[in-house]
Student: 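Below: one structure in structure tokens.
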Amino acid sequence: MEIELDIKKILKKNKKKVTSERIDIFDYVVKKHIFDSNELLNKFPEIWRASIFRTINLFLEIWIIRKVKSWKSGDSYELVRWEHSHEHMECWKCWEIISFESDKIYQEINQKAEALWFKIEEKFLNISGKCKKCSKK
Ligand SMILES: [Zn+2]
Ligand SMILES: [Zn+2]
């Protein structure tokens with residue numbers, strides 16, 4: 001599926017109000033890989049704190065972003081890329097996040113869930129360790 005990057009269209013499609021705050025926040029996160037709420041609070045001091053959190057929740061609700069667990073920054077988020085999913089490996093020495101893709105993992109998870117009649121709503125793969133650079137030290 002194509003990446004839908006038109007936030008106005010996405011909001012309208014989901015029957016949500018288009019506001020300049022939502023557009024500004026979207027424009028910022030679309031250029032980021034992983035971000036957290038503190039980052040948005042610092043980046044947008046003019047937007048009300050509650051409004052930032054509401055926007056994050058809204059984006060989660062309509063599947064624009066997903067939650068990502070990070071050892072370094074706790075609850076973080078990233079844009080959902082519809083055309084493929086990826087997961088992360090996080091280095092606990094330099095905090096570098098290395099992304100990888102594997103359709104096999106998802107196939108396996110989906111098959112297991114189906115066999116167990118389990119409806120997946122969220123999934124996190126938490127993989128941490130030492131990156132190549134840090135292993136050499
Ligand atoms: Zn990612
Ligand atoms: Zn490292």
Side-chain angles (χ1 to χ4, degrees):
M1 218 200 289
E2 277 274 290
I3 312 175
E4 178 72 84
L5 286 179
D6 188 339
I7 184 63
K8 290 181 199 163
K9 240 160 86 183
I10 300 172
L11 288 169
K12 278 180 197 154
K13 202 171 71 192
N14 287 282
K15 302 193 167 57
K16 305 290 180 190
K17 247 205 300 195
V18 176
T19 68
S20 62
E21 292 175 357
R22 288 172 182 175
I23 293 171
D24 288 348
I25 292 173
F26 181 82
D27 284 347
Y28 175 74
V29 303
V30 85
K31 291 185 215 109
K32 298 281 302 184
H33 179 198
I34 293 169
F35 64 95
D36 58 40
S37 50
N38 279 330
E39 206 178 316
L40 294 183
L41 292 170
N42 292 332
K43 176 77 192 165
F44 299 102
E46 73 283 6
I47 302 180
W48 280 18
R49 203 184 153 80
S51 214
I52 299 243
F53 285 106
R54 263 205 308 272
T55 304
I56 290 175
N57 285 331
L58 173 82
F59 283 4
L60 283 171
E61 183 196 324
I62 61 178
W63 199 235
I64 290 176
I65 57 173
R66 67 167 182 163
K67 227 186 236 178
V68 172
K69 296 277 184 216
S70 158
W71 292 99
K72 185 193 175 193
S73 42
D75 273 355
S76 304
Y77 311 93
E78 72 178 349
L79 201 75
V80 174
R81 304 277 179 183
W82 284 270
E83 85 280 28
H84 61 76
S85 297
H86 67 270
E87 299 300 333
H88 307 122
M89 294 187 192
E90 185 175 29
C91 176
W92 49 256
K93 283 200 91 179
C94 69
W95 299 122
E96 194 188 341
I97 288 174
I98 296 147
S99 305
F100 69 94
E101 283 170 45
S102 167
D103 289 337
K104 267 193 207 156
I105 294 179
Y106 301 123
Q107 279 166 17
E108 185 74 20
I109 292 171
N110 289 337
Q111 279 168 15
K112 297 282 185 225
E114 211 172 297
L116 297 166
W117 295 86
F118 188 86
K119 191 176 162 290
I120 296 174
E121 285 175 2
E122 277 188 314
K123 61 180 162 54
F124 304 109
L125 283 176
N126 259 335
I127 304 171
S128 58
K130 270 203 252 180
C131 73
K132 195 176 168 189
K133 222 168 49 214
C134 296
S135 306
K136 281 188 191 154
K137 281 175 197 163

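The analysis underlying the following values was restricted to heavy atoms, covering all of them including side chains, and did not include hydrogens, waters or symmetry mates.
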Student: Short question: side chain of Ser51, backbone of Ile47 - any donor-acceptor pair under 3.5 Å?
Tutor: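 Judged by distance alone, no pair lies under 3.5 Å.
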
Student: Among Ile, Leu, Val, Met, Phe, Trp and Tyr joined by side-chain contacts under 4.5 Å, find the other residues sharing a cluster with Trp117 and list them by chain and number.
Tutor: none

Student: Does some side-chain heavy atom of Leu79 sit less than 4.5 Å from a side-chain heavy atom of Phe26?
Tutor: yes

Student: Can you sort out the partners of Ser102 under side-chain hydrogen bond (donor to acceptor under 3.5 Å, both in side chains), two or more places apart, ordered by chain and number?
Tutor: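 Expected list: none.
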
Student: Of all heavy-atom pairs between Phe44 and Ile52, which one has the smallest distance, and what is that distance?
Tutor: CB-CD1, 4.0 Å

Student: Transitively linked via ILVMFWY side-chain contacts under 4.5 Å: Val18 with Ile56?
Tutor: yes

Student: Would you check, one step at a time, whether the test side chain to side chain contact (heavy atoms under 4.5 Å, CB included) holds for Cys94 with Lys130?
Tutor: CA-CA 8 Å; Cys94 69; Lys130 270 203 252 180; over 6 Å; no

Student: Restricting to salt bridge (Lys or Arg N to Asp or Glu O under 4.0 Å), what partner residues turn up for Lys43, sequence neighbours left out?
Tutor: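 Counting only residues at least two positions away or on another chain, Lys43 forms no salt bridge (Lys or Arg N to Asp or Glu O under 4.0 Å).
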
Student: Between Phe35 and Leu58, is there shared hydrophobic-cluster membership here, with clusters defined by ILVMFWY side-chain heavy atoms closer than 4.5 Å?
Tutor: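 Result: yes, single cluster for both.
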
Student: Sequence neighbours left out, what passes salt bridge (Lys or Arg N to Asp or Glu O under 4.0 Å) with Lys12? Give chain and number order.
Tutor: none

Student: Could you tell me which non-hydrogen atom of Asn14 sits nearest to which non-hydrogen atom of Ile10, and how far apart they are?
Tutor: ND2-O, 2.8 Å

Student: Could you see if Ile64 belongs to whatever hydrophobic cluster contains Leu40? Use Ile, Leu, Val, Met, Phe, Trp, Tyr and a side-chain cutoff under 4.5 Å.
Tutor: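 Yes, one cluster joins them.
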
Student: Can you sort out the partners of Phe100 under ring-ring contact (aromatic ring centres under 6.0 Å, His included), two or more places apart, ordered by chain and number?
Tutor: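 Testing Phe100 for ring-ring contact (aromatic ring centres under 6.0 Å, His included), a comparison that skips the adjacent residues, returns none.
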
Student: Is it the case that one hydrophobic cluster holds both Tyr77 and Ile62, taking links as side-chain heavy atoms less than 4.5 Å apart, direct or via other members?
Tutor: yes

Student: Residues in salt bridge (Lys or Arg N to Asp or Glu O under 4.0 Å) with Glu121, at least two apart?
Tutor: Lys119

Student: Which pairs pass salt bridge (charged side-chain N to carboxylate O under 4.0 Å, His left out) with one or both residues in residues 60-74, sequence neighbours excluded?
Tutor: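 As it turns out, the salt bridge (charged side-chain N to carboxylate O under 4.0 Å, His left out) pairs with a partner in residues 60-74, which skip direct neighbours, are Lys16-Glu61, Arg66-Glu78, Arg66-Glu87, Lys67-Asp75, Lys69-Asp75.
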
Student: Applying side-chain hydrogen bond (donor to acceptor under 3.5 Å, both in side chains), name anything that partners Ser76, two or more places apart in sequence or on another chain.
Tutor: Ser73

Student: Working note: Ile97 + Val68, criterion side chain to side chain contact (heavy atoms under 4.5 Å, CB included); need CA distance, chi angles, decisive distance, verdict.
Tutor: CA-CA 11 Å; Ile97 288 174; Val68 172; 6.0 Å; no

Student: Please round to the nearest 0.5 Å and tell me the distance separating atom CG of Leu11 and atom CG of Asp6.
Tutor: 9.0 Å

Student: Roughly how far, to the nearest 0.5 Å, is CD of Glu101 from NE2 of His86?
Tutor: 8.0 Å

Student: Taking C-beta and beyond as the side chain, do Met89 and Glu96 meet within less than 4.5 Å on heavy atoms?
Tutor: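 No, every pair of side-chain atoms sits at 4.5 Å or beyond.
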
Student: Following the transitive rule for hydrophobic clusters with a side-chain heavy-atom cut-off under 4.5 Å over Ile, Leu, Val, Met, Phe, Trp and Tyr, establish whether Phe53 and Ile23 coincide in one cluster.
Tutor: yes

Student: Could you identify which residues cluster with Tyr106, counting Ile, Leu, Val, Met, Phe, Trp and Tyr as linked when any side-chain heavy atoms lie under 4.5 Å apart, either directly or through a chain of such contacts?
Tutor: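 Members besides Tyr106: none; it forms no cluster.
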
Student: With sequence neighbours excluded, tell me which residues meet side-chain hydrogen bond (donor to acceptor under 3.5 Å, both in side chains) with Glu108.
Tutor: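 Testing Glu108 for side-chain hydrogen bond (donor to acceptor under 3.5 Å, both in side chains), a comparison that skips the adjacent residues, returns Lys112.
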
Student: Taking everything shown except Trp71 itself, do over 12 heavy atoms lie less than 6.0 Å from its CH2?
Tutor: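 No.
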
Student: Under the rule for side chain to side chain contact (heavy atoms under 4.5 Å, CB included), what residues qualify as partners of Thr19, not counting sequence neighbours?
Tutor: Lys17, Glu21, Arg22

Student: Can you give me the closest heavy-atom contact between Cys131 and Ser135, atom names plus distance?
Tutor: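 Nearest pair, atom of Cys131 first, then Ser135: O-OG, 2.7 Å.
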
Student: Main chain of Asp27, side chain of Lys31: is a donor-acceptor contact present, judged purely on distance under 3.5 Å?
Tutor: yes

Student: Does Glu114 have any salt bridge (Lys or Arg N to Asp or Glu O under 4.0 Å) partners at least two apart in sequence or in another chain, and if so, which?
Tutor: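 Glu114 satisfies salt bridge (Lys or Arg N to Asp or Glu O under 4.0 Å) with no other residue.
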
Student: Apply side chain to side chain contact (heavy atoms under 4.5 Å, CB included) to the pair Leu60 and Asn57, showing each step before the final yes or no.
Tutor: CA-CA 5 Å; Leu60 283 171; Asn57 285 331; 4.1 Å; yes

Student: List the atom of Ile127, the atom of His88, and the distance in Å for their closest heavy-atom pair.
Tutor: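 Closest approach of Ile127 to His88: CB-O, 3.7 Å.
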
